[in-house]
Novice: 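For reference, the structure I am asking about is given below.
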Amino acid sequence: MAFDAERRKELREMFVAFAETRSPRLRDELIEAHIGLAEYLARRFNNRGEPLDDLVQVASVGLIKAVDRFEPERGLEFSTYATHTIVGELKRHFRDKGWAVRVPRRMQELHLRLGQIVATLNQDLGRSPTVAEIAVEAGVSDEEILEAMEAGQAYRFTSLDAPSPGDDGGSLSTNLGSDDDSMIDVEHRATLSPLLAQLPARQQRILHLRFFEGLTQSEIASRLDISQMHVSRLLARSLAQLRASAEE
Amino acid sequence: MHDEVRLVMPADPEFLRLARVTAMGLASRLSFTIDEIDDLRIAIDELVFGLIGSRGRSGTVALQYSLREKGLEVAGTAAFDDVDSGSPGMSELSQLILDAVTDEHSIETNGDGTPSFRFVKRRSDT
C-alpha cells in the first residue's frame with residue numbers, strides 16, 4: 001500500500017501533531033488512513049485456520065498500538081514500524097490460539113499420511129509401530145517422521161473461550177456443563193478435577209481411557225475407531241486446554 | 001549402554017518443542033513405539049510446564065537425557081533469575097497423567113531452592 005509523496009508528507013505532519021497533542025480526532029484519522037495496511041497483513045495470515053474477520057480485528061489492534069506508540073522524530077517510516085507491530089500482534093494471536101504458524105505444508109501432508117500408515121502398521125504388526133518401521137513404510141527418514149508427528153502437536157495453551165478446533169465443534173465454553181455421566185465416572189470427576197468436565201465429551205472419554213483406565217493410544221484408537229495420530233492430537237489438545245484453564 | 005545428551009534451554013514454553021523432539025529422537029534410537037514416544041512427549045510437557053508454568057519464567061531449564069538399555073531417563077533442573085523461585089507444583093491430575101505415561105517420576109525442590117524433576121520411561125518388550 002503506497003501513498004503518493006504529498007499524502008506521505010501530510011501523514012507525517014499529522015503524526016508529528018498527534019505526538020504533541022494526542023488529539024483523538026487525529027488518532028482516528030491516522031488509524032483510518034492505514035487500515036488498508038492492517039487488512040493487507042491480515043490477509044497474509046489467512047488460510048491458517050482462523051477466520052479472516054478475526055485476523056483483520058487482530059491486525060487493527062496492532063495498528064492502533066502502532067499509531068499510539070509511533071515516534072515520528074525517530075525518522076522511521078510509519079509503515080515499517082506498523083508492519084512490525086501488526087505482524088507481531090498476528091503471530092501472538094496464533095500462538096495464543098494454539099495454532100502453529102509455521103508448519104511447512106510438506107510436513108502437514110506427511111502428518112496427514114501418517115494417520116493411515118500407522119493404522120495399517122498397527123494392524124499388520126499387532127502393536128504400535130516404531131518410528132523406523134513407519135519411516136520405511138512412508139519412504140522418508142526417521143527425522144521426518146518425528147517432525148511430522150510433532151507438527152500435529154502444535155497446540156499450545158488454549159483458553160476456554162477459544163474455539164476448540166477440529167471435529168468436536170463449538171467453543172469450550174458452550175460445552176461447559178454438557179456432562180455425560182457415562183463418559184467419566186462421577187467419583188473420578190468429583191475428586192480429581194472439575195476441569196475435565198469442561199472438555200468436549202470425546203476428549204473427556206479419551207483422557208479417561210488413557211489416564212484412568214490405562215489404555216494405550218493405539219487401543220483407544222481402535223476402540224473409538226479413529227486413528228492413533230488422531231488420539232495423539234486430541235490428547236495433546238486436551239492437556240493443553242486443561243493446563244490453560246487450570247491457570248485462569 | 002550409558003549415553004547422555006544435555007540440553008539447556010530458556011524457561012519458556014516456546015522452546016519445549018526442542019525438549020520433546022530431543023526425547024523423541026533418542027526414543028526412536030531405542031526403538032520405542034510411537035505410543036511410547038507420545039507418552040514421553042506428554043511427560044516432558046507435563047513436567048516442564050510444572051516447573052516453569054505455561055507462561056514461562058526468566059531463566060533456564062537444563063535437561064539431561066540418559067539412554068539406558070531398555071529406556072530413557074530424563075532429569076530436568078530449572079534455574080530462575082528471580083530469587084523467589086517458588087516450589088514446583090504438581091496437581092493431582094498431573095500426578096495421574098505422569099503415573100500413566102512414565103514408569104517412574106518425581107518432582108522436588110533441591111537444597112538450593114531450585115526445582116527439578118526426573119522420570120524414566122521404559123520400552124515395552126515387543
Side-chain angles (χ1 to χ4, degrees), chain A residues 95 100 114 117-118 121-122 125-135 142-143 145-147 149-157 188 191-196 207 209-221 228-229 231-233 235-236 238-240 242-248, chain B residues 12-57 72 86 89-103 105 121-126:
Chain A
R95 273 211 304 274
L114 282 188
I117 293 172
V118 171
L121 285 173
N122 240 322
L125 301 167
R127 59 166 169 80
S128 170
T130 64
V131 170
E133 288 162 344
I134 302 167
D142 290 12
E143 283 70 27
I145 296 298
L146 294 174
E147 206 180 323
M149 284 173 69
E150 185 63 21
Q153 310 279 330
Y155 303 101
R156 291 274 312 269
F157 21 94
H188 271 143
T191 56
L192 260 161
S193 174
L195 295 172
L196 284 184
L207 284 173
L209 292 171
R210 180 69 195 88
F211 300 124
F212 294 98
E213 292 192 13
L215 267 64
T216 66
Q217 293 191 9
S218 296
E219 287 163 350
I220 297 170
Q228 184 276 343
M229 300 291 282
V231 173
S232 163
R233 280 198 300 275
L235 268 180
S238 304
L239 295 176
L242 287 176
R243 210 170 280 131
S245 49
E247 295 214 351
E248 275 175 0
Chain B
D12 179 336
E14 284 291 296
F15 293 87
L16 249 175
R17 184 175 189 279
L18 285 178
R20 286 196 302 262
V21 170
T22 305
M24 290 161 72
L26 294 172
S28 121
R29 288 174 64 94
L30 293 169
S31 300
F32 274 45
T33 67
I34 68 159
D35 274 356
E36 292 160 344
I37 290 178
D38 264 323
D39 286 349
L40 259 182
R41 178 157 58 187
I42 289 172
I44 289 200
D45 272 0
E46 206 58 39
L47 284 161
V48 176
F49 273 124
L51 289 197
I52 68 175
S54 68
R55 285 178 186 80
R57 297 281 293 268
L72 186 65
M90 194 155 43
S91 68
E92 204 179 341
L93 182 62
S94 287
Q95 192 81 35
L96 189 84
I97 290 169
L98 290 164
D99 286 346
V101 297
T102 68
D103 292 291
H105 63 88
K121 178 74 181 166
R122 292 190 196 95
R123 185 185 58 206
S124 62
D125 285 317
T126 49

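Just so it is clear, the values below take in all heavy atoms, side chains as well, and ignore hydrogens, waters and symmetry mates.
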Novice: Less than 4.5 Å to any heavy atom of chain B: does that hold for the side chain of A:I145, its backbone, both, or neither?
Specialist: neither

Novice: For B:R123, look at atom CZ and say whether over 12 heavy atoms of other residues, nucleotides or ligands are found less than 6.0 Å away.
Specialist: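 Above 12, so yes.
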
Novice: I need the minimum non-hydrogen distance between B:L96 and A:F211, along with the two atoms involved.
Specialist: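 Looks like CG-O, 3.9 Å.
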
Novice: Could you tell me which of A:A221, A:G126, A:A135, A:S218 has the largest number of non-hydrogen atom pairs under 4.5 Å with chain B?
Specialist: A:S218

Novice: State, yes or no, whether a side-chain contact exists between B:F32 and A:V131 at a heavy-atom distance under 4.5 Å.
Specialist: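 Not in contact.
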
Novice: With only heavy atoms counted, which part of A:Q217 is less than 4.5 Å from chain B, the side chain, the backbone, both or neither?
Specialist: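 Contact with chain B: backbone and side chain both.
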
Novice: With only heavy atoms counted, which part of A:V231 is less than 4.5 Å from chain B, the side chain, the backbone, both or neither?
Specialist: neither

Novice: Quick check for you: to the nearest 0.5 Å, what is the distance between B:E46 atom CD and A:L242 atom CG?
Specialist: 8.5 Å

Novice: Just how far is it from atom CZ of B:R20 to atom CG of A:L146, taken to the nearest 0.5 Å?
Specialist: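 Those atoms lie 12.5 Å apart.
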
Novice: Which bit of B:R17 comes within less than 4.5 Å of chain A, counting heavy atoms only: side chain, backbone, both or neither?
Specialist: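 Both the backbone and the side chain of B:R17 come within 4.5 Å of chain A.
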
Novice: Is A:R210 paired with B:D35 through a side-chain N to carboxylate O contact shorter than 4.0 Å?
Specialist: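 Judged by the 4.0 Å cut-off on N to carboxylate O distance, B:D35 and A:R210 do not form a salt bridge.
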
Novice: What part of B:D45 gets within 4.5 angstrom of chain A, counting heavy atoms only: side chain, backbone, both, or neither?
Specialist: both

Novice: Would you compute the distance between atom CZ of A:F212 and atom CG of B:D99 and round it to the nearest 0.5 angstrom?
Specialist: 11.5 Å

Novice: Measuring from B:I37:CD1 to A:T130:OG1, what's the distance to the nearest 0.5 Å?
Specialist: 8.0 Å

Novice: Can you tell me how far CZ of A:R127 sits from CD1 of B:I34, rounded to the nearest 0.5 angstrom?
Specialist: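 B:I34 CD1 to A:R127 CZ: 11.0 Å, rounded to 0.5 Å.
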
Novice: Who pairs with B:D103 by side-chain hydrogen bond (donor to acceptor under 3.5 Å, both in side chains), at least two apart in sequence or on another chain?
Specialist: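 Once residues adjacent in sequence are excluded, B:D103 has no partner under the side-chain hydrogen bond (donor to acceptor under 3.5 Å, both in side chains) criterion.
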
Novice: In Å and rounded to the nearest 0.5 Å, what is the CG to CD1 distance from A:L239 to B:I97?
Specialist: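 Nearest 0.5 Å value for the CG-CD1 distance: 4.5 Å.
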
